[in-house]
Amino acid sequence: MATPPRPGDLGSLPEEGADLITDGFARYLDGFRELTRHAREHFEERDWAAAQRDSRARLELYGGFVVRSLAAIRGLLGDRLERRDVWAAMRDAVRLRAASLAEPELAETFFNSNVRRVFHTVGVDPAVEFVRPETPPRYAPPWSFTTVFRRDGPLSDVVARALRAAPLSIPWDDLEGDAARTAAVLDAALPGDAIESIEMVRAPFFRGKGAYLVGQVATRDRRKPVLFALRNPEGRILVDAVLLDENEISVVFSFAHAYFFVDLERPKEMIEFLASILPRKPLHDLWSAVGFHRHAKTELYRQILHRLDRSEERFRFAPGQRGLVMIVFALPGLDVVFKVIRDRFPPPKTVTHREVREKYRLVFRHDRAGRLVDAQEFEHLEFPADRFDPGLLEELGTSASETVAVRDGRVVLRHLYTERRLIPLDLYLQGASPAAARVAVLDYGQVLRDLAATNIFPGDLLLKNFGVSRHGRVIFYDYDELCLLTDCRFRDLPVAATTEEEVASEPWYFVGEHDIFPEEFREFLGLGGGLLEAFLEAHHELLTPVFWRRMQDLHRREVLPDIYPYPAARRLRPDGARWDTH
């Protein structure tokens with residue numbers, strides 16, 4: 001038998017392959033940063049349609065550059081493409097190159113994306129992949145991308161300096177007034193504590209129609225995160241809101257929002273800064289929030305492995321009603337659920353597997369407005385079979401056999417989605433106080449309004465398809481019947497002409513595939529008593545086709561609504577704007 005070639009016998013292949021991959025990664029970053037630079041232009045020029053186009057374009061960047069990178073590798077390696085010794089040596093060469101980059105962890109993820117497409121790896125393969133972080137945390141204050149504005153006079157002067165330093169080229173509407181109003185908010189939030197400095201990230205965070213300045217304020221004894229929300233309603237910048245509560249700022253960075261555009265020279269350093277001011281925010285959420293959703297998957301998977309290594313927990317059914325389309329399960333110690341598509345869907349479900357995946361892709365590319373949970377798509381994951389509850393393992397084997405396989409004591413999941421774990425709204429209402437239940441029901445109605453504002457109709461309005469986050473926000477998470485609002489036909493409910501028509505068990509009128517009758521929504525709400533009364537008082541127009549047609553008209557005229565990821569009470573100069581997604 002011939003002796004396998006040693007790494008030293010590979011010649012320059014590993015080095016050349018590593019060059020191709022790092023070059024592909026560099027080109028991806030160049031494209032990423034070019035779109036980020038345009039975000040400032042779009043905000044200043046109020047070109048919101050272009051901002052949306054770039055948001056969608058950036059989501060496609062990564063996969064496109066991986067495809068190009070792998071094509072170049074195929075051309076280099078030829079029939080040696082699937083030689084594992086070649087890829088192991090290439091990984092070592094990439095490791096050396098990544099160590100000199102400002103984004104080593106992102107380069108490692110890019111390499112893994114290439115190697116997994118070649119070997120269709122199930123689980124992880126330490127022989128050819130980067131499995132654990134190769135570069136430990138190395139950043140700490142002082143941060144390279146922040147500016148500290150020390151107080152040497154009135155607080156409003158410090159705020160004015162911080163606002164004026166923002167790299168924006170259009171004029172302020174009323175900088176001195178905004179500085180005074182902002183200072184008043186800061187003083188009210190920190191009574192008795194003299195603010196000594198304000199530290200701000202120099203680069204604004206852009207998303208939708210907003211720009212956000214992020215940082216922290218320091219007193220003698222403590223630090224608090226701070227966020228200034230900027231708007232450009234008429235070609236002049238104004239401070240729309242000031243947030244100092246960690247939970248409220250966390251909502252702005254929520255997994256239910258689209259990703260920010262922010263200029264990052266050292267992404268890992270920015271993540272560590274954000275983690276320092278938002279310590280309850282998972283790292284994978286922060287990586288997603290700044291636009292690196294593929295590396296966020298790497299971080300999430302490592303978190304799952306870490307939990308399995310350091311606990312004896314088992315995967316088990318997630319709380320809530322069993323889904324007709326998805327099998328949903330969770331690991332108790334993780335704030336995440338796993339969703340596997342069933343082989344077959346019982347009536348009344350009529351969607352196909354392909355359609356379900358298309359719905360998730362639509363949500364991934366869409367403006368989630370703080371009301372649609374971000375879903376991460378995974379392929380070829382593998383976990384020990386003894387880490388699954390027997391009942392869950394049986395259902396996966398019988399109802400999702402096309403996606404799940406059990407072999408050699410391992411469970412192989414060919415395809416699944418992960419989402420943030422929420423409390424199903426129907427369960428939440430059962431255990432909530434009357435006051436909390438009323439707040440949730442009112443927010444449920446606001447979800448429908450916010451989704452309509454972004455051209456989304458959830459399809460299935462049952463409470464079980466909505467969840468409540470740790471911040472008390474209601475978010476939609478079941479996408480198999482979701483569609484664009486403009487694809488629907490909202491009809492008035494026909495009036496029965498005879499007693500027979502009125503008592504008929506089936507509709508006596510024609511119902512098309514896209515027909516929706518809002519007057520029937522009431523029976524799907526599952527609300528009664530005071531909760532139903534509260535909902536109808538605040539949101540009665542949702543049960544009329546007029547509301548939905550009006551929203552369709554706005555979208556057809558390409559009128560983009562203002563969506564605020566913070567409470568109306570935080571706005572410094574409220575203008576009666578309709579949409580408040582908090």
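Only a predicted model underlies this, so the values are computations on that prediction, with no experimental measurement involved.
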Atom pair CD1/OH of Ile456 and Tyr479 - distance to nearest 0.5 Å: 9.5 Å
Check this for me: does any side-chain nitrogen of one of Glu395 and Arg342 sit under 4.0 Å from a carboxylate oxygen of the other? yes
Does a side-chain N-to-carboxylate-O contact under 4.0 Å join Arg549 and Asp553? no
Kindly write out the residues that satisfy ring-ring contact (aromatic ring centres under 6.0 Å, His included) with Tyr444, not counting sequence neighbours, or none if the list is empty. Phe466, Phe535
Assess whether a salt bridge exists between Glu379 and Arg414, defined as any Lys/Arg side-chain N lying under 4.0 Å from an Asp/Glu carboxylate O. no
The residue among Leu393, Thr398, Leu396 that forms side chain to side chain contact (heavy atoms under 4.5 Å, CB included) with Val404 is Leu396
Any luck finding a side-chain donor-acceptor pair between Ser399 and Asp343 under 3.5 Å? no
Asp443/Arg473 ion pair, N-O < 4.0 Å: no
To the nearest 0.5 angstrom, please state how far the CZ atom of Phe228 sits from the CZ atom of Phe205. 13.5 Å
Name all residues meeting the side chain to side chain donor-acceptor pair (under 3.5 Å) criterion together with Arg407; count only those two or more places apart in sequence or in a different chain, and write none if there are none. none
Any pair with a residue in residues 422-431 that passes side-chain hydrogen bond (donor to acceptor under 3.5 Å, both in side chains), sequence neighbours left out, goes on the list, sorted by first then second residue, please. Gln321-Asp426
Under a 4.0 Å threshold between the charged nitrogen and the carboxylate oxygen, would Lys359 count as salt-bridged to Glu355? no
Please state whether the rings of Phe364 and Tyr259 are parallel, tilted or perpendicular, taking 30° and 60° as the class boundaries. perpendicular
For Glu246, is there any backbone N or O sitting under 3.5 Å from a side-chain donor or acceptor partner on Ser250? no
State whether a side-chain donor-acceptor pair under 3.5 Å links Asp487 with His514. no
Lys/Arg-Asp/Glu bridge criterion (N-O < 4.0 Å) met for Arg491, Glu519: no
Between Gln376 and His293: side-chain donor-acceptor atoms closer than 3.5 Å: no
Between the side chains of Glu533 and Arg438, is the shortest nitrogen-to-carboxylate-oxygen separation below 4.0 Å, so that they form an ion pair? no
